Amino acid sequence: MTPNDYHVSMDSLASLCKRRGFIFQTSEIYGGINGFWDYGPLGVELKRNIKESWWKSVVQTRENVVGLDSSIIMHPRVWEASGHIGNFKDPMVDCRETKARYRADQILVFKHKSDETLMFAYPEDEEPPAKKARRFNKTDPADYESVPLLDIPLENYDRLVAPNTKEAGTLTEPRAFNLMFKTFVGPVEESSNVAYLRPETAQGIFAQFGNVNATARQKVPFGIAQIGKAFRNEINPRNYTFRSREFEQMELEFFIKPGTDAEWHEYWVSERLNWYSRVGLPEGRMHRDIHEGDALAHYASACTDILYDFPFGTQELEGIAARGNFDLTQHQETAGKGLEYFDEETKERYLPHVIEPSAGVDRIALALLCEAYRVEWIPKGKDNDGKILTADPKAKQAPEGYEARTVLRFAPCIAPYKVAVFPLLKNKPELVAKAREVFEKLNERWTCFYDQTGAIGRRYRRQDEIGTPLGVTIDFDTLEDSTVTVRDRDTMEQTRMSISELENYIAERVKF
RNA sequence: GCGGGUGUAGCUCAGUGGUAGAGCGUCACGUUGCCAACGUGACUGUCGUCGGUUCGAAUCCGAUCACCCGCUCCA
C-alpha cells in the first residue's frame, strides 16, 4: 500500500464526515461542547471494525492474551496508587501582563540570597536573567541563586517579576489543573464520596491482575487486554477529534518475566506496526518516536510512540511502554494485597514486568479517514488509457477529459460497509426482487448497503464517498445465468461472476 | 488560557438596517441496459445562543458558545 499523496484539509474531511454520517459534534443542537464528539452510523461501523481487528489481532488469535472490561469509575485509591491523583495535575501560573501561562514546575526563580529584593522568574530551559537582576536591583548576579518557583512562598509573589515583563506581581498563584473528571458516588456531594472517571483503562487491568491471574490459568508471559472509554479534562482540545476529553482506548498489559523487557518491547512495537499496515496506514506515513532520557517516565525502561503523519502534523497514535513492575508494585503497596506471581518452573515469586501498548481508537479512526480520503480525476469515456489520477487539491476543476470523484480508499477490512447491492434499474420488478434476494443473503455475513435510487453510476459514486470496497450489480443477464458484476471501488473495474462464487470472493477481499 | 478569524438549509456559500436566497445534496414520481444524465415536484432555517440599540436586526453593539489558525499545554 502506498501513502495517500492527496493532502486533505481537516475542513474538507470534517465536512465529509458530517455530510455522510461519520462524525458529528456532540449535542450539536445545543451548540456542542469543546472536546466531545459523536460517531454517526458510518463512524460507529468504522470504529467497530478498528476495535474488532485489534481484538482479533491482540486477543483472539493469541492463546496467552485474555480480555477484561473494568468499570469506568473505580475506587479512588486506584488513582492514588497509579500516581494520577498526586501527579496528574500540573500546577500552572498565569501572567496577568503577558497573558502567558506556564507550568509552575518548569519555572525557576532567580533571587538574591538575602531574599529581600525583586525576584525574576524564568523558564527552566533558559539562562538565568542575570542582566535583568543587575538592572533592576543594582546588585551582583553572583549573589543570586536559582530556586524552583514552587518553593517561593505566595506572600512573596508581589516581589516576583515574570518572564518578559518589567513589573513585579503579575503572576497568579499556581493553580492545579487536575485533568481527571471528578464526580460523586451516591446522591450526596461530599468529599468522602469523590470518585474519578478513569483517565486511562490500564489501571483497571492492574487492579484486577490478581483475579485474572487466579482464574485465567495463564503463565507468564501473558497479557490482559481492554477496550474502553477514558476521560481527560484536557486544557485545550484541538485538531478535530484528535485530542478529545472523552475517548476510547485499546490497551494491552503484557506481563513478562523481569529482565526480558527489551525483547518483548521490541516484539510489541513490531507487532503493532504490522497491524497498522494491515488496517491501511502505510509504512511511509508511520514513524517511531523512541523516548530517551528525560522524555522517559522514571519507572519506564523504554517507550516508543507510534506516530502518523496527520495533515496537521505528525502525531501519536499509540505509545508502547516498558513500565517495569511500577504499577503492580504501587497497587500492592497501596492496597496492601499481594499481587505476586508464582513461577512454577523456577519456583520464583515475583511481580511481573509489563509491556503496555496503549492505542487511541479515535485517533486511529481519524488517521484512517485522513489516509483514505482523496479526490481523484477519473477519465471520461474510453480516453486517457483509463488511468486514475490523484487530484491536485488546489485545482478547481478536473483537467479536460477527466472528472473528479471523492473516494475513501479504506482497507476493506475496516470499511463501514463491505458491499453495496444494486439492481441495474429500479423500474424492473424482477431486477429489484433479485437484488433484494442477493442483498439479504450477503447482509447476513457483512454490513451491506442496498440502493436502487438514481442512475447506476451515481450509486457507485455515492459508495465511493463512504468507502464501500465492492459493488454488486444485478442486471438482465443475472436473471438468465445467475451472474452479477462486481465493481471495485479503487480500480472502478467490473468483474463478472456467478452468485455462487460471490460469498467466497467477498470473504477473501474483505478479510482482516 | 491568550491573540486573530469564522458562524446563514445536510454540505459549499451569497445576502451589510426593510418579505431569508443559490448551487450541490436528500426524498418522491417519470425516464434511464454500468460510472455524479434528464424532466417534474417536494422537504429543509428561531440566520450559533442570549441580551441590547432601532418603528424594524441575518446585517449595528455587548456577552456567551462552538469551530479554524497561531501561541500555550499535552502526565
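Everything numeric here is computed off the predicted structure, so don't read it as measured data. Chain naming here is simple, since letters A, B, ... match the order of the sequence lines and numbering starts at 1 in each.
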Look at the side-chain N and O atoms of [X] and state whether any lies under 4.0 Å from the OP1 or OP2 oxygen of [N].
X: Lys18(A); N: rC11(B); value: yes
X: Arg458(A); N: rU26(B); value: yes
X: Asn427(A); N: rG30(B); value: no

Rounded to the nearest Å, what distance is computed from the CD atom of residue Gln452(A) to the C1' atom of nucleotide rC34(B)?
17 Å
Between C1' of rC73(B) and CZ of Phe242(A), the distance in whole Å
13 Å
Report which part of the nucleic acid [X] touches: base, sugar-phosphate, or nothing (heavy-atom distance under 4.0 Å, all strands).
X: Gly40(A); result: nothing
X: Asp475(A); result: base
X: Ala404(A); result: base
X: Tyr240(A); result: sugar-phosphate
X: Thr406(A); result: base
X: Glu403(A); result: sugar-phosphate
X: Asp464(A); result: nothing

Pair Lys428(A) + Asp475(A): basic N to acidic O under 4.0 Å:
no
Looking at Arg461(A) and Glu403(A), does any basic side-chain N land under 4.0 Å from a carboxylate oxygen?
yes
State which of [options] makes the closest approach to the side chain of [X].
X: Tyr460(A); options: rA66(B), rC34(B), rC67(B); result: rC34(B)
X: Leu425(A); options: rC67(B), rA28(B), rU32(B); result: rU32(B)
X: Gln494(A); options: rC35(B), rC67(B), rG33(B); result: rC35(B)
X: Arg487(A); options: rA28(B), rA36(B), rC35(B); result: rC35(B)
X: Lys426(A); options: rA66(B), rU31(B), rC35(B); result: rU31(B)
X: Asp11(A); options: rC68(B), rG33(B), rC11(B); result: rC68(B)
X: Trp37(A); options: rC34(B), rC67(B), rC11(B); result: rC67(B)

Do [X] and [Y] pair up side chain to side chain, a donor and an acceptor below 3.5 Å, judged on atom types alone?
X: Ser82(A); Y: Gln203(A); result: no
X: Tyr299(A); Y: Arg323(A); result: yes
X: Asp477(A); Y: Thr483(A); result: no
X: Asn443(A); Y: Tyr450(A); result: no

Let me spell it out: for each of Ala455(A) and Pro237(A), pick the nucleotide of RNA chain B with the closest heavy atom. Which residue's pick is nearer the 5' end?
Ala455(A)
Let me spell it out: for each of Glu28(A) and Ile33(A), pick the nucleotide of RNA chain B with the closest heavy atom. Which residue's pick is nearer the 5' end?
Glu28(A)
Quiz question: going by heavy-atom distance under 3.5 Å, is there a donor-acceptor pair between the base of [N] and the side chain of [X]?
X: Ser15(A); N: rC11(B); result: no
X: Arg238(A); N: rG70(B); result: yes
X: Tyr30(A); N: rC65(B); result: no

Considering only the P atoms, how many Å lie between rG3(B) and rU44(B), rounded to the nearest integer?
41 Å
